[in-house]
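Written out below as structure tokens is the structure these notes cover.
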Amino acid sequence: MTSRLLLVGAGHAHMSVLRAFRQAPPPDTQIVLLTPYPRQVYSGMLPGWIAGHYTLDDCVIPLAPLLRGSPITVVSAHLQQLDLTTRTVTTDRGHRIEFDFISLDTGPAPEPDALPGLREHGLSIRPIENFISQWQQTLAVIDASARTGGDAATVTVVGGGAGGLEIALAAAWRARSGPPMRLQLVSGKAGVLAAFSPRVRRMAHQALKEMEVRLIEDDAVELGPDTVLLAEGGELSSNFSIVATGSVAARYPREAGLAVDERGFIEIDEFQLSTSHPFVFAAGDCASVVGHPRPKSGVYAVRAGPPLTENLRRAVAGRPLRRHVPQVRALYLLSTGRRHAIANWGGLSVEGDWVWRWKDHIDRRFMRSFGGSSG
Ligand SMILES: Cc1cc2nc3c(=O)[nH]c(=O)nc-3n(C[C@H](O)[C@H](O)[C@H](O)COP(=O)(O)OP(=O)(O)OC[C@H]3O[C@@H](n4cnc5c(N)ncnc54)[C@H](O)[C@@H]3O)c2cc1C
């Protein structure tokens, strides 16, 4: 009997699944990929694009080559609703897709409501595709203003985690050779890289100083047309504000009745299966493995890909699943604007231009392994 497998989202884990199923599709299985975009932007290289080290083509994996010759049918839309009783997904473009097994790799949700005023006055880092076009428009506006004698624009990044830090430093580097910008980073009261060691945090502070990024260790509470309001009552002038405050969960899993953790991420077991619905697989940032809490990070999403491929093959064939316990430590490579980076692995940390070259090598190799054009 033929099984129907629905893959939702072309996230990091599903990229492995797509590549493996193209080479060796599981027998007697109809596979549909539901994805809103024809390409996947690699977030690890996004700061390098902002800094001007990469072209956009360097940072994207087009799906077409990955699917060429593959039996997978693509539906271009967002999952809107998941009905676990009828095992049906409806999309924002009116499709209705039935499945026997579903695998969810939809990442974190877009965050238009992460901060009051963000929808009207700010740029959200997710969805990354929207951010890319908004950032290009922002640079064009700053350039045009500079050509008519306008002052340098003040750009605020809200969010002191790895993503916010890298974006602020990257934009500051870009400003040295391009659109005139003054950068400031509102890190939250806990400060920059609060989850990292004091040594790594010192390196981050030094990088901010070198790049002349003003650091404000307070919580942003609202964005105005040209302002960022702070929790302690202050108000910053800001012509453009980027919000990168970390992953939030999409609403659809909770609305569907899937078991979710306290933050709304899909609860899965060591077999990558939903703890409430054993025909639903999930991987990457949208999932949390019970008993193995990990940061929301692409490293874990990438590592979940090969075991997910194997488990999906086994599920459709009715065979027992394999256990996957996410690794305890992950290597973090944080770019600092110029071609320089900080590496952190467990208690070890180093920095240097060579660390950036190492990161560049790893990132480009990753892109090439999925047919990306990163040369
Ligand atoms: C600026 C920045 C830099 C980062 N750098 C690093 C780094 O260097 N290293 C690292 O480990 N992590 C990094 N991260 C974190 C990393 O981006 C995430 O952890 C990673 O993307 C999670 O992968 P994923 O597969 O779960 O989801 P994603 O990569 O977000 O992929 C999910 C896919 O699902 C699609 N999708 C979403 N909703 C739906 C829907 N309803 N229906 C269908 N499809 C949908 C999305 O369009 C997307 O293509 C960075 C994040 C940012 C913002």
Side-chain angles (χ1 to χ4, degrees), residues 6-18 32-51 59-61 63 74-82 89-93 95 97 102-111 123-132 135 157 159 161-171 242-253 255-256 265-266 282-288 294-305 308 327 330-335 341-344 356 359-360 362-363 366:
L6 174 58
L7 307 173
V8 185
H12 291 69
H14 276 175
M15 301 298 287
S16 291
V17 175
L18 297 178
V32 174
L33 169 68
L34 176 59
T35 176
Y37 306 110
R39 63 185 191 178
Q40 171 73 352
V41 180
Y42 180 43
S43 56
M45 291 174 80
L46 193 71
W49 173 70
I50 294 171
C59 312
V60 300
I61 299 172
L63 295 181
V74 178
V75 175
S76 302
H78 279 94
L79 176 154
Q80 196 167 48
Q81 204 184 359
L82 170 60
V89 155
T90 39
T91 77
D92 59 348
R93 298 180 61 198
H95 309 91
I97 310 168
I102 186 169
S103 178
L104 304 166
D105 180 14
T106 51
E111 306 169 56
L123 287 75
S124 175
I125 199 71
R126 287 190 186 272
I128 288 181
E129 289 283 357
N130 289 8
F131 172 76
I132 286 171
W135 181 240
V157 179
L165 173 75
E166 285 192 88
I167 290 168
L169 292 168
I242 302 170
V243 175
T245 44
S247 293
V248 294
R251 288 206 203 109
Y252 77 84
E255 288 171 356
F265 294 106
I266 304 163
D285 277 13
C286 69
S288 287
R294 298 288 184 272
K296 299 293 174 200
S297 157
V299 177
Y300 296 103
V302 170
R303 290 291 182 97
L308 180 65
Q327 69 203 93
L331 173 66
Y332 287 93
L333 294 166
L334 308 171
S335 54
I342 300 169
N344 180 246
W356 189 89
K359 172 174 165 51
D360 177 61
I362 293 174
D363 286 346
F366 174 78

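Position 1 is the first residue of the sequence, and the numbers go up from there. Counting starts at 1 for both ligands and their atoms, following the listed order.
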Would Pro36 count as a contact residue for ligand 1, given that I'm defining contact as a non-hydrogen atom of the residue lying under 4.0 Å from a ligand atom? yes
Could you check which of Leu79, Thr91, Leu34 puts a non-hydrogen atom nearest to atom 42 (N) of ligand 1? Leu79
Compare all side-chain heavy atoms of Leu82 with those of Val8 and state whether any distance is below 4.5 angstrom. no
Does the side chain of Leu308 come within less than 4.5 Å of Ser16's, by heavy atoms? no
N/O of Gly284 under 3.5 Å from N/O of ligand 1, yes or no? no
Distance to 0.1 Å, residue and atom name: give those for the protein heavy atom nearest to atom 18 (C) of ligand 1. Asp285 OD2, 3.3 Å
What protein heavy atom sits nearest atom 6 (C) of ligand 1, and how far off is it? Gly44 CA, 4.1 Å
Would you mind finding which of Thr106, Asp92, Val302 brings a heavy atom closest to atom 32 (C) of ligand 1? Thr106
Side chain to side chain contact (heavy atoms under 4.5 Å, CB included) with Ala170: which residues, sequence neighbours excluded? Pro47, Ile50, Ala51
Side chains of Gln80 and Thr90, donor plus acceptor under 3.5 Å: no
Would you mind checking which non-hydrogen protein atom is closest to atom 1 (C) of ligand 1, with the distance to 0.1 Å? Ile167 CD1, 3.8 Å
If the contact criterion is a heavy-atom separation under 4.0 Å, does Pro110 count as touching ligand 1? no
Heavy atoms only, cut-off 4.0 Å: how does Val8 contact ligand 1, side chain, backbone, both, or neither? side chain
Looking only at protein heavy atoms, which one is nearest to atom 35 (C) of ligand 1, and how far off is it? Gly9 CA, 4.0 Å
Nearest-neighbour protein heavy atom for atom 31 (O) of ligand 1, which is reported as residue plus atom name and distance: Gly11 CA, 3.2 Å
What is the closest protein heavy atom to atom 27 (O) of ligand 1, and at what distance does it sit? Gly107 CA, 3.2 Å
Gln40 to ligand 1: N or O pair under 3.5 Å? yes
Please determine if His12 has a nitrogen or oxygen closer than 3.5 Å to a nitrogen or oxygen of ligand 1. yes
Going by distance only, is there an N or O of Val299 that falls short of 3.5 Å from an N or O of ligand 1? yes
Evaluate the criterion side-chain contact (heavy atoms from CB on, under 4.5 Å) for residue pair Asn344 and Leu334; output intermediate values, then yes/no. CA-CA 8 Å; Asn344 180 246; Leu334 308 171; 5.9 Å; no
Record the part of Arg126 in heavy-atom contact with ligand 1 below 4.0 Å; permitted values are side chain, backbone, both and neither. side chain
I'd like to know if the side chain of Lys296 and the backbone of Gly284 have a donor-acceptor N/O pair within less than 3.5 Å. no
By number and element, which atoms of ligand 1 are closer than 4.0 Å to a non-hydrogen atom of Tyr37? 47 (O)
Could you check whether any side-chain N or O of Glu166 sits under 3.5 Å from a backbone N or O of Ser335, counting only pairs where one atom can act as donor and the other as acceptor? yes
In the protein, what heavy atom is nearest to atom 53 (C) of ligand 1, and what distance, to one decimal place, separates them? Ile125 CG1, 3.9 Å
Using side-chain heavy atoms (C-beta onward) and a distance below 4.5 Å, is Leu6 in contact with Leu34? yes
For atom 50 (C) of ligand 1, the option (of Pro295, Ser43, Ser335) bearing the nearest heavy atom: Ser43
Member of Leu63, Leu18, Leu7, Thr35 meeting the side-chain contact (heavy atoms from CB on, under 4.5 Å) criterion with Val74: Thr35
Is there at least one pair of N or O atoms, one from His78 and one from ligand 1, spaced under 3.5 Å apart? no
His12 and Phe366 aromatic ring geometry - parallel, tilted or perpendicular at 30°/60° bounds: parallel
Judged by atom type as modelled, is there a donor-acceptor pair below 3.5 Å linking the side chain of Asp363 to the main-chain atoms of Met45? no
Val157, Ile167, Asn130 screened by side-chain contact (heavy atoms from CB on, under 4.5 Å) with Ile125, the one that passes: Ile167
State, yes or no, whether a side-chain contact exists between Pro253 and Phe265 at a heavy-atom distance under 4.5 Å. no
Establish whether atom 23 (O) of ligand 1 and some protein heavy atom are separated by less than 4.0 angstrom. yes
Gly298, Gly163, Ser76: member with heavy atom nearest to atom 12 (N) of ligand 1: Gly298
Taking only non-hydrogen atoms of Pro108 and a 4.0 Å limit, the atoms of ligand 1 in range are 30 (O)
Any Phe131 side-chain heavy atom under 4.5 Å of Val41 side chain: no
What atoms in ligand 1 come closer than 4.0 Å to a heavy atom of Asp105? 24 (P), 25 (O), 26 (O), 32 (C), 33 (C), 34 (O)
